[in-house]
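Step one of this worksheet: look at the structure below.
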Amino acid sequence: MKNTTVRLLLMLLFVTNSAIIAQDNDVNELSSIGEGSSLELPHIQVVPIKNSKTARNYELYIKLPEGYSENKDKKYAVLYFTDAMWHIEMLSAATEYMLEDVILVGISWQKDINGDLKKEVGAHVSRFRDYSFRTSDKPEIQTKFQLGQANKHLDFIRNDVINYIDNNYRTDPNSRTYFGYSMGGEFGAYILLTQPDTFNNYILGSPSIKNEVPYLSELHSKFGPFDASNRKSSLNANVFISYGSLEQEMIEPIEAFVSLLKGRRDDGLSVQKQVIEGDHGTAFPMTAVRSIAWLSSLMSPISSDSYEVSFWDVPHLNNPFVNTAPEDRKDRISVGELSVNSNDRNAILNLSQEVFEGKHGNYDALLISHKNKLVFESYYKKGRINLPHGQASAVKAYTSLVLGRAIQMGYLSMEDLNKPLIRFLKDVDPKEFAKGVEKITLHKALTMHGGLNIDSDEWKEIEKDSVRLKRQGLVQTLFEQSGPITAASQTYLYGNFNPMLVMTVIDAVVPGTAQDFIKTELLDKLGITNYKWTDHISGLPEAGWRVSLMSRDMIKLGNLVLNKGKLDGEQLISAAYLAKATSGIVKPTQDWMPKDYRYGYFWYQTPVKVGDKSYDTTFAWGGGGQRVIVVEALDLTIVISGHDREDKIMTQISEIIIPAFVEQ
């Protein structure tokens with residue numbers, strides 16, 4: 001990649017006056033435009049093409065990436081764009097500097113259009129017919145421009161243009177992108193809601209949908225709502241939508257369209273909106289630059305650093321990234337190669353392809369470390385090498401490791417695990433505590449047996465008072481609001497109250513704050529620097545969720561458990577504590593929990609049978625598919641991250657991956 005500043009300067013120099021023409025679909029305001037000169041750009045092939053159904057003639061402006069002729073076995077992503085004459089220079093420059101391995105295919109306006117109309121309006125006159133999906137209620141306008149033929153133009157693109165490109169060039173069918181600006185963006189919105197499988201990715205720059213949201217909503221209704229159990233109900237697309245900050249008439253309809261798409265809650269749909277400084281014309285150059293940067297981020301397992309979005313706005317990778325000899329990224333992870341027999345290797349690779357295709361749910365990464373070396377690394381959908389991923393309840397297991405570090409450093413002892421938790425909290429007043437709170441120990445909290453019973457509706461109101469809940473005020477309030485703590489109440493109850501009790505004790509006994517302790521005594525030592533650990537309303541670090549880590553850093557935590565708490569020869573986590581934390585102390589009681597799962601100190605355990613042998617596995621587990629799985633007997637650590645609702649990937653881990661590392 002070349003210097004960003006130089007890139008932008010060069011690309012902006014490429015912008016021609018035609019690229020800044022106001023592309024308004026209000027034909028009453030059209031002004032005459034000259035014919036212009038014929039296109040002359042290096043490396044551009046101009047290919048005539050006829051609409052097989054309407055017999056209209058067009059041209060394709062095709063630019064192949066550098067190295068296309070040398071890389072005979074490589075397939076390339078394709079970026080299709082309308083208004084080719086206006087956009088070819090800008091997109092050519094942008095892809096040259098940010099997305100080199102892509103075939104550009106520009107679709108011209110109709111070449112054999114009525115001569116008088118072409119002379120009156122301009123060479124671009126056919127765009128008003130081809131990109132619009134509704135007819136005009138003004139007869140003179142409709143007669144003149146024949147509006148509302150987007151369906152015919154889409155048919156031309158699907159059956160003639162795409163087929164021609166696929167038949168004559170080495171194209172990647174999983175990486176097909178549409179770029180449209182103004183009316184071209186309007187046309188892209190139409191494609192998305194009628195035949196979304198035409199493209200994998202949609203770039204809709206300042207779409208001219210001022211009066212079209214009701215009709216787009218109608219198209220959306222015809223397509224139908226998203227149903228997680230029906231993959232065909234998903235739009236299955238990455239969408240980039242932008243508008244200029246000064247486009248006052250565009251803002252409301254485009255925001256409404258974005259809300260329409262996001263309101264689907266579609267697992268296969270990623271929508272990113274960006275507001276570009278400028279008006280309808282001047283916003284175009286930066287729209288091209290930013291959208292190509294966005295496009296590059298879904299063709300690479302390494303996330304672009306040019307923008308920040310929420311996890312749910314991260315576009316899905318167009319193809320899986322699978323590496324059986326992971327790169328040494330100088331991140332304190334040793335790397336090696338996947339050395340298993342060919343059948344097992346093929347089975348793992350086949351599983352990776354199935355994960356990418358969504359056959360096992362929505363998963364974003366699968367990594368395998370064997371004998372403390374990362375030997376398999378793969379990313380799918382929203383997964384990226386350098387992008388922290390939400391951990392959900394796997395954070396509970398990480399909190400357990402923090403406590404184990406405090407014990408190793410002498411701030412607590414193993415004996416303290418069975419002492420009343422309130423003994424470690426000097427800032428609480430027991431006068432109003434519920435009866436029996438002294439029965440709550442760290443051991444009970446760590447095994448989800450704290451026994452707190454609090455009305456959920458009342459607690460929602462209490463949570464609004466952050467002052468009352470500050471630091472140890474959290475425990476003060478919990479113990480005041482709870483009913484009596486009895487043997488009957490101290491049964492397994494999964495939730496976040498117990499982890500926060502543990503975090504409060506950590507904060508109370510370590511020097512400084514729990515935040516500082518987590519950073520300096522665990523994460524820094526493991527070389528974990530790119531993460532997000534959110535604070536609870538109490539001001540303490542969250543203990544049960546709302547943490548994001550990179551998948552490679554999850555491997556580090558798993559290997560720490562695999563090595564019995566040692567890191568580079570140093571005992572980082574108390575070995576005695578870790579042995580107990582990863583043992584099956586209690587039986588979870590939820591109906592949805594597999595019957596053979598047991599629970600230690602926020603870590604799960606289950607046996608995995610391979611042939612006539614059984615292997616104990618211990619793992620952190622978070623909703624959506626976050627797992628750090630350790631199989632000590634096989635020197636194996638497996639990491640999964642995902643955003644799946646049912647989360648059934650453990651079956652494939654048990655039947656395909658773990659057996660691959662059992663010596664035959």
Side-chain angles (χ1 to χ4, degrees), residues 331-332 388-414 416-417 419 421-428 442 445-446 466-478 496-550 552-561 565-568 570-575 577-578 581 601-603 620 622 628:
D331 56 358
R332 302 190 194 178
H389 194 290
Q391 298 296 293
S393 286
V395 176
K396 295 176 175 64
Y398 310 155
T399 296
S400 181
L401 295 181
V402 176
L403 183 66
R405 177 59 177 159
I407 290 175
Q408 176 62 28
M409 296 184 72
Y411 299 121
L412 289 166
S413 68
M414 290 296 291
D416 288 335
L417 296 174
K419 294 176 182 177
L421 186 145
I422 55 175
R423 288 189 54 175
F424 307 103
L425 307 178
K426 306 303 182 183
D427 297 333
V428 297
L442 281 170
L446 287 161
S466 59
V467 175
R468 179 181 179 184
L469 300 178
K470 193 72 171 177
R471 312 307 282 196
Q472 293 183 29
L474 171 65
V475 173
Q476 178 79 41
T477 307
L478 286 171
N496 282 333
F497 282 152
N498 286 301
M500 287 309 302
L501 292 179
V502 174
M503 186 61 75
T504 307
V505 171
I506 293 171
D507 186 68
V509 301
V510 301
T513 65
Q515 284 92 338
D516 294 337
F517 188 77
I518 291 170
K519 180 181 183 300
T520 59
E521 294 300 333
L522 182 64
L523 302 182
D524 283 357
K525 290 185 179 296
L526 290 167
I528 298 176
T529 58
N530 186 6
Y531 67 92
K532 181 179 180 181
W533 198 304
T534 306
D535 284 346
H536 182 264
I537 190 174
S538 63
L540 299 167
E542 285 284 6
W545 64 327
R546 298 178 69 198
V547 170
S548 296
L549 295 176
M550 294 191 299
R552 287 175 72 114
D553 288 335
M554 294 168 70
I555 282 285
K556 296 175 184 178
L557 292 168
N559 284 345
L560 185 61
V561 173
K566 282 189 175 182
L567 177 68
D568 298 331
E570 175 191 353
Q571 193 69 47
L572 197 66
I573 309 297
S574 164
Y577 172 83
L578 196 55
Y601 287 167
F602 297 157
W603 285 83
V628 179

Handout entry: Electrostatic pair D331-R552, nearest N-O below 4.0 angstrom
Key =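 A salt bridge is present here (some side-chain N lies under 4.0 Å from a carboxylate O).
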Practice task
Could you check L557 against L526 for side chain to side chain contact (heavy atoms under 4.5 Å, CB included), going step by step and ending with a plain yes or no?
Solution key: CA-CA 8 Å; L557 292 168; L526 290 167; 3.6 Å; yes
How far does [atom1] of [X] sit from [atom2] of [Y], to the nearest 0.5 angstrom?
{"X": "L403", "Y": "L578", "atom1": "CG", "atom2": "CG", "result": "11.5 Å"}
{"X": "S574", "Y": "M414", "atom1": "OG", "atom2": "CE", "result": "5.5 Å"}
{"X": "N498", "Y": "L442", "atom1": "CG", "atom2": "CG", "result": "10.5 Å"}
{"X": "D553", "Y": "K556", "atom1": "CG", "atom2": "NZ", "result": "4.0 Å"}
{"X": "W545", "Y": "T534", "atom1": "CH2", "atom2": "OG1", "result": "9.5 Å"}
{"X": "L469", "Y": "M500", "atom1": "CG", "atom2": "CE", "result": "10.0 Å"}

Return the minimal non-hydrogen interatomic distance between [X] and [Y], and the atom names on each side.
{"X": "S466", "Y": "I537", "value": "CB-CG1, 3.9 Å"}
{"X": "L549", "Y": "Q391", "value": "O-NE2, 3.7 Å"}
{"X": "A581", "Y": "W603", "value": "O-CB, 3.6 Å"}
{"X": "Q571", "Y": "Q408", "value": "O-CG, 3.2 Å"}
{"X": "Q515", "Y": "G539", "value": "NE2-O, 2.7 Å"}
{"X": "F424", "Y": "V509", "value": "CB-CG1, 4.2 Å"}

Handout entry: K532 backbone acceptor or donor facing S548 side chain under 3.5 Å
Key =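 Pair absent, no side-chain N/O of S548 close to backbone of K532.
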Problem - Over 12 non-hydrogen atoms of neighbours within 6.0 angstrom of CH2 in W533 - result: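 More than 12 heavy atoms, drawn from other residues, nucleotides or ligands, come within 6.0 Å of this atom.
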Handout entry: Neighbour count >12 (heavy atoms, 6.0 Å) for atom NZ, K419
Key = yes
Heavy atoms, side chains only, cut-off 4.5 Å: are [X] and [Y] in contact?
{"X": "I407", "Y": "L417", "value": "yes"}
{"X": "V475", "Y": "Q472", "value": "no"}
{"X": "Y398", "Y": "V628", "value": "yes"}
{"X": "P511", "Y": "Y411", "value": "yes"}
{"X": "Y531", "Y": "M550", "value": "no"}
{"X": "T399", "Y": "I518", "value": "no"}

Handout entry: Polar side chain donor-acceptor pair, D507 to T504, under 3.5 angstrom
Key = no
Handout entry: Test log, rule side chain to side chain contact (heavy atoms under 4.5 Å, CB included), inputs L421 and V502
Key = CA-CA 9 Å; L421 186 145; V502 174; 5.7 Å; no
Handout entry: Qualifying residue for side-chain hydrogen bond (donor to acceptor under 3.5 Å, both in side chains) with N496, from H536, E542, K396, R546
Key = K396
Exercise for the section: Only counting residues at least two apart or in another chain, list the ones meeting side-chain contact (heavy atoms from CB on, under 4.5 Å) with A392. Expected result: Q626
Practice task
Could you list all the salt bridge (charged side-chain N to carboxylate O under 4.0 Å, His left out) pairs where at least one residue sits in residues 510-527, not counting sequence neighbours?
Solution key: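 Of all non-adjacent pairs touching residues 510-527, those that pass salt bridge (charged side-chain N to carboxylate O under 4.0 Å, His left out) are R405-E521, K519-D524.
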Practice task
List the steps and the verdict of side chain to side chain contact (heavy atoms under 4.5 Å, CB included) for R471 and D427.
Solution key: CA-CA 9 Å; R471 312 307 282 196; D427 297 333; over 6 Å; no
Practice task
Starting from the C-alpha separation in whole Å, work towards a yes-or-no answer on side chain to side chain contact (heavy atoms under 4.5 Å, CB included) for L501 and L478.
Solution key: CA-CA 9 Å; L501 292 179; L478 286 171; 4.0 Å; yes
